[in-house]
Number of protein chains: 2
Amino acid sequence: MNNIESQLKDKSVKPTAMRLLVLQYFTEQSKAVSLKDLENGLSYADKSTLFRTLKTFEESKIVHSIEDGSGVTKYALCLESCNCELQDLHYHFHCTNCENTFCLTTLNIPTIELPTNFKMNQANMVIKGLCANCNE
Amino acid sequence: MNNIESQLKDKSVKPTAMRLLVLQYFTEQSKAVSLKDLENGLSYADKSTLFRTLKTFEESKIVHSIEDGSGVTKYALCLESCNCELQDLHYHFHCTNCENTFCLTTLNIPTIELPTNFKMNQANMVIKGLCANCNE
DNA sequence: TATTCAATGCAACCCAACTGCAAAGTTTAC
DNA sequence: GTAAACTTTGCAGTTGGGTTGCATTGAATA
Ligand SMILES: [Mn+2]
Ligand SMILES: [Mn+2]
Ligand SMILES: [Zn+2]
Ligand SMILES: [Zn+2]
């Protein structure tokens, strides 16, 4: 049993052929992945299967979703230890030139002083600008 | 000439009847406004006119847009001094219960140490959880 | 082997965002 | 004041990401 397969089993997700391919695809990317990216990368696969695979992966905390403001939801692999709780949150960077979105996993979200009685459970923090490639 | 009208002129936006009504509507809200909200609030107005009014207001920095992850873009009035630059950015709060989105105008975005050569131009920072009303 | 449940593929649907175009309204030129 | 030029508005339609119903296939269980 290879690494990809055991990752799925660890998260109690049945390792079907499709799911192994999708997870494999994620490990090969250095940027966040959209449903369209998956459709292009795994062209033999059906869109709704890929969609449901993403939802399954998200629920199982194999990936987390990113709303980068491009109108397309992106997904990226969670870190080994990630439980998608407050302490696991990090910033994301969306390049307005190449449209790529990256996890800044080393940049954790600071504690934020909310107004009285507000309760923070989640966050979607997206920095926009130029990535190293696009910023000459 | 009333206050609403002069606000538009200050930003070089021709104060048509429609625009005055939309800006009036904004001043009456304590939460961020969606296109659908405007359609409901100003039912006699056409959707695409309202849509284009929002775009005009956004370009003229009368309002700023918020991607709160609900799948619907929200808009809120800019502060008097706002130029929609880095120093004007603030956090937003999206209540996952009542679905309302609020500007936390007193909470400015801190400086963030980006990876080498990355350049920050904008940000969309959304905290999710329960607002004071929904958090008993 | 028969039964049951989960995953997949296909074909739609939904809906927010956006656009083309003609009509109405406003500004400018003469 | 009137005609031409430009802007705004209203209507109707398109686009595209996201989502769902349902039949089929495949895997697990009895
Ligand atoms: Mn991430
Ligand atoms: Mn705001
Ligand atoms: Zn880039
Ligand atoms: Zn609330």
Side-chain angles (χ1 to χ4, degrees), chain A residues 1 4-5 8-9 11-25 32-60 62-76 94 99-101 124 126, chain B residues 1 4-5 8-9 11-25 32-60 62-76 94 99-101 124 126:
Chain A
M1 187 164 82
I4 302 281
E5 193 172 344
L8 287 176
K9 289 191 172 164
K11 306 276 176 145
S12 312
V13 174
K14 216 184 289 180
T16 66
M18 205 70 251
R19 288 169 180 171
L20 289 169
L21 287 166
V22 172
L23 186 49
Q24 176 67 47
Y25 181 87
V33 169
S34 69
L35 177 55
K36 192 34 119 349
D37 292 336
L38 274 178
E39 280 184 73
N40 294 337
L42 288 74
S43 49
Y44 38 85
D46 181 72
K47 184 170 75 145
S48 61
T49 302
L50 294 173
F51 172 76
R52 287 190 270 234
T53 301
L54 285 173
K55 288 291 172 194
T56 302
F57 280 13
E58 190 179 13
E59 277 164 26
S60 313
I62 293 168
V63 302
H64 58 277
S65 65
I66 309 156
E67 299 275 342
D68 64 12
S70 68
V72 182
T73 306
K74 307 277 174 69
Y75 298 84
H94 177 69
E99 294 267 294
N100 287 334
T101 297
N124 185 60
V126 180
Chain B
M1 187 164 83
I4 301 282
E5 193 171 343
L8 287 176
K9 289 193 172 165
K11 306 276 175 146
S12 312
V13 173
K14 219 184 288 180
T16 66
M18 206 71 251
R19 288 168 179 170
L20 290 169
L21 287 166
V22 171
L23 187 50
Q24 177 67 48
Y25 181 88
V33 169
S34 69
L35 177 55
K36 192 37 120 345
D37 291 336
L38 274 179
E39 281 183 73
N40 295 337
L42 287 74
S43 50
Y44 39 85
D46 180 71
K47 185 170 73 145
S48 61
T49 301
L50 294 172
F51 172 77
R52 288 189 270 233
T53 301
L54 285 173
K55 288 291 173 194
T56 301
F57 281 13
E58 190 179 14
E59 276 163 29
S60 312
I62 293 167
V63 302
H64 58 278
S65 65
I66 309 157
E67 299 275 343
D68 64 12
S70 69
V72 182
T73 306
K74 308 275 174 70
Y75 298 84
H94 177 70
E99 294 268 293
N100 287 335
T101 296
N124 185 59
V126 181

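As the structure is a computational prediction, the values presented were derived from the model and not from experiment. So you know, we letter chains A, B, ... as the sequences are listed, proteins then strands, and number each from 1.
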Using whole Å, what does the distance between atom [atom2] of nucleotide [N] and atom [atom1] of [X] come to?
{"X": "A/Arg19", "N": "C/dG9", "atom1": "CZ", "atom2": "C1'", "value": "15 Å"}
{"X": "A/Lys9", "N": "D/dA27", "atom1": "NZ", "atom2": "P", "value": "14 Å"}
{"X": "A/Phe51", "N": "C/dC13", "atom1": "CZ", "atom2": "P", "value": "18 Å"}
{"X": "B/Ile66", "N": "C/dA17", "atom1": "CD1", "atom2": "P", "value": "13 Å"}
{"X": "A/Leu50", "N": "D/dT19", "atom1": "CG", "atom2": "P", "value": "14 Å"}
{"X": "B/Lys14", "N": "D/dA5", "atom1": "NZ", "atom2": "P", "value": "17 Å"}
{"X": "B/Lys74", "N": "C/dA17", "atom1": "NZ", "atom2": "C1'", "value": "15 Å"}
{"X": "B/Tyr75", "N": "C/dA17", "atom1": "OH", "atom2": "P", "value": "7 Å"}

| said: Ignoring hydrogens and geometry beyond distance, is the side chain of A/Arg52 in donor-acceptor contact with the base of D/dG18 at under 3.5 Å? | reply: no
| message | On the side chain of B/Ser48, is there an atom forming a donor-acceptor pair with the base of C/dC18 - under 3.5 Å, no angle test? | response | no
Closest to the [X] side chain: [options]?
{"X": "B/Met18", "options": "C/dA17, D/dG10, D/dT7", "result": "D/dG10"}
{"X": "B/Asp46", "options": "D/dT9, D/dG10, C/dA17", "result": "D/dG10"}
{"X": "B/Lys36", "options": "C/dA16, C/dT8, C/dC18", "result": "C/dA16"}

| request: State, with a plain yes or no, whether a side-chain heavy atom of B/Leu35 is found less than 4.5 Å away from one of B/Thr73. | output: no
| Within a strict 4.5 Å, meaning less than it, do heavy atoms of the B/Met18 and B/Leu42 side chains meet? | yes
| Most 5' of B/Lys47 and B/Thr16 on DNA chain D, judged by nearest nucleotide | B/Thr16
| query | Got a second to check how far B/Leu23's CG is from B/Ile4's CD1, nearest 0.5 Å? | reply | 4.5 Å
| query | For the atom pair NZ (B/Lys55) and OG (B/Ser65), what is the distance rounded to the nearest 0.5 Å? | reply | 7.0 Å
| task | Report the C-alpha distance between B/Leu8 and B/Phe57 in whole Å, list the side-chain angles of each, state the deciding distance to 0.1 Å, and finish with yes or no for side-chain contact (heavy atoms from CB on, under 4.5 Å). | result | CA-CA 9 Å; B/Leu8 287 176; B/Phe57 281 13; 3.7 Å; yes
| task | Using a heavy-atom cut-off of under 4.0 Å over every strand shown, decide if B/Ser34 touches base, sugar-phosphate, or nothing. | result | nothing
